[in-house]
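Throughout, protein chains are lettered first and strands after them, A, B, ... in sequence-line order, and every chain is numbered starting at 1.
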2 protein chains.
Amino acid sequence: MERFQDICRTHRLKMTPQRTVIYREIIRDKRHPTAEMLYRKVRRTFPTISFDTVNRTLRGFCRVGLIDAIESSGRGRMYEPNQVPHHHIKCRQCGAIVDFQDPVFDRLSVPDSIRKKYNIIGKRVVLIGTCPTCQQKGGRKHGNQG
Amino acid sequence: MERFQDICRTHRLKMTPQRTVIYREIIRDKRHPTAEMLYRKVRRTFPTISFDTVNRTLRGFCRVGLIDAIESSGRGRMYEPNQVPHHHIKCRQCGAIVDFQDPVFDRLSVPDSIRKKYNIIGKRVVLIGTCPTCQQKGGRKHGNQG
DNA sequence: CTCGGTGCAAAATGTTTGCAAGTAC
DNA sequence: GTACTTGCAAACATTTTGCACCGAG
């Protein structure tokens, strides 16, 4: 929550009640919610808020680095709090993305040839496969990978 | 091209001229084209093809594993031929994704705890940063990460 | 008091579906 | 000949923009 205050000040974002509630909800959320999902949650404590504000606020949070977005065309952009380093497993069937942590992956070093050209600010391992649920169901939806 | 034939047969996909042209174009493309970009290229050798067919065909190719999709809400889904193992650098500013290869990254082993639950069929390191072009321009567009 | 933020509505963008006619096998 | 495909158009889902009013700093 201090992080929120800090970053708002540095970027001259006003700490409106809407933004405060939105931030509180997204860092509490352990999944990767979309704007729509967050909107539904936030409305419980702030019934007059508009979907538009939630959506626009999330974009803004991304811009200043408070949170990250995980693109997933079709079913809507997903957001995640940008805190501890972690990695992703993505289910090829249902598209769900779950986090996992791994000290070895955290310590991967970026090749010099790339550091020379790019300003790398983050890294992540993405595993692609089939989640337990989809393995049982043999369910299918779309197949993709990032 | 044999791969194309094989997979079409195994999945009972008809090898229509449209599909052949689309496949040829996407494996030739070194970027990560969207359906729209591919449509424009394919139309040069197949002027009567519809955007819809390109779009639907690409989805189909994903389903059977001929190619992969990289989700990127907003500017449209990007596709890539699914050949050699490789990794991604994603520019936080312009959203461009470029491939790179790295033997060390290729050899990363998936933790047993995950293998036990998930059926992992692929893995990839994703670096997030700023590309050379955006560093110069200081350009901005959207900020996100997968 | 001022500038950025909010909420509403409209516009833009991109994806998916239904269907009749066409074609690979 | 049959089942899968294509192309077109409409339906959907989602994101983005314009603008008047409001409120945090």
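- Atom NE2 of A:His11 and atom C1' of C:dG5 are 17 Å apart (whole Å).
- Side-chain atoms of A:Arg19 come within 3.5 Å of backbone atoms of A:Lys14 as a donor-acceptor pair (strictly under, hydrogens ignored).
- Atom CZ of B:Phe51 is separated from atom P of C:dT13 by 13 Å (rounded to the nearest Å).
- Protein atom CG of B:Asp52 is 16 Å distant from nucleotide atom P of C:dA20, rounded to whole Å.
- The existence of a salt bridge linking A:Arg124 and A:Asp99 is excluded, since no basic side-chain nitrogen approaches an acidic carboxylate oxygen closer than 4.0 Å.
- The side chain of A:Lys14 lies closest to D:dG25 when the candidates are D:dG25, C:dC19, C:dT6.
- Both A:Ile27 and A:Phe46 belong to a single network of hydrophobic side chains, linked directly or stepwise wherever heavy atoms of I, L, V, M, F, W or Y lie under 4.5 Å apart.
- Here the nucleotide nearest the side chain of B:Ser50, chosen from C:dG7, D:dG7, D:dT6, is D:dG7.
- If you check every strand for non-hydrogen atoms under 4.0 Å, A:Arg56 touches a base.
- Atom CD of B:Glu71 and atom P of D:dT15 are 13 Å apart (whole Å).
- One atom, CD of A:Gln5, and another, C1' of D:dA24, lie 14 Å apart when rounded to the nearest Å.
- Separating the CZ atom in A:Arg31 from the CD1 atom in A:Ile26 is a distance of 10.5 Å, to the nearest 0.5 Å.
- Distance A:Asn55 CG to C:dT6 P: 12 Å, rounded to the nearest Å.
- Residue B:Thr16 places its side chain closer to D:dT6 than to any other of C:dG7, D:dT6, C:dA24.
- When rounded to the nearest whole Å, the span between CZ of B:Arg12 and C1' of C:dC25 equals 12 Å.
- With C:dG5, C:dT6, C:dT17 as the candidates, the nucleotide lying closest to the side chain of A:Leu13 is C:dG5.
- Looking at heavy-atom distances under 4.0 Å, A:Thr48 makes contact with sugar-phosphate atoms alone, never a base.
- When heavy atoms are screened at a 4.0 angstrom cut-off, B:Gln18 is found touching the sugar-phosphate backbone but no base atom.
- Rounding to the nearest 0.5 Å places CZ of B:Phe100 at 9.5 Å from NE2 of B:His86.
- Comparing A:Ala35 and B:Thr57 by the nucleotide of DNA chain D that holds the closest heavy atom to each, the one mapping nearer the 5' end is B:Thr57.
- Atom-to-atom, CZ of B:Arg77 to P of D:dA13 comes out at 15 Å; the value is rounded to the nearest Å.
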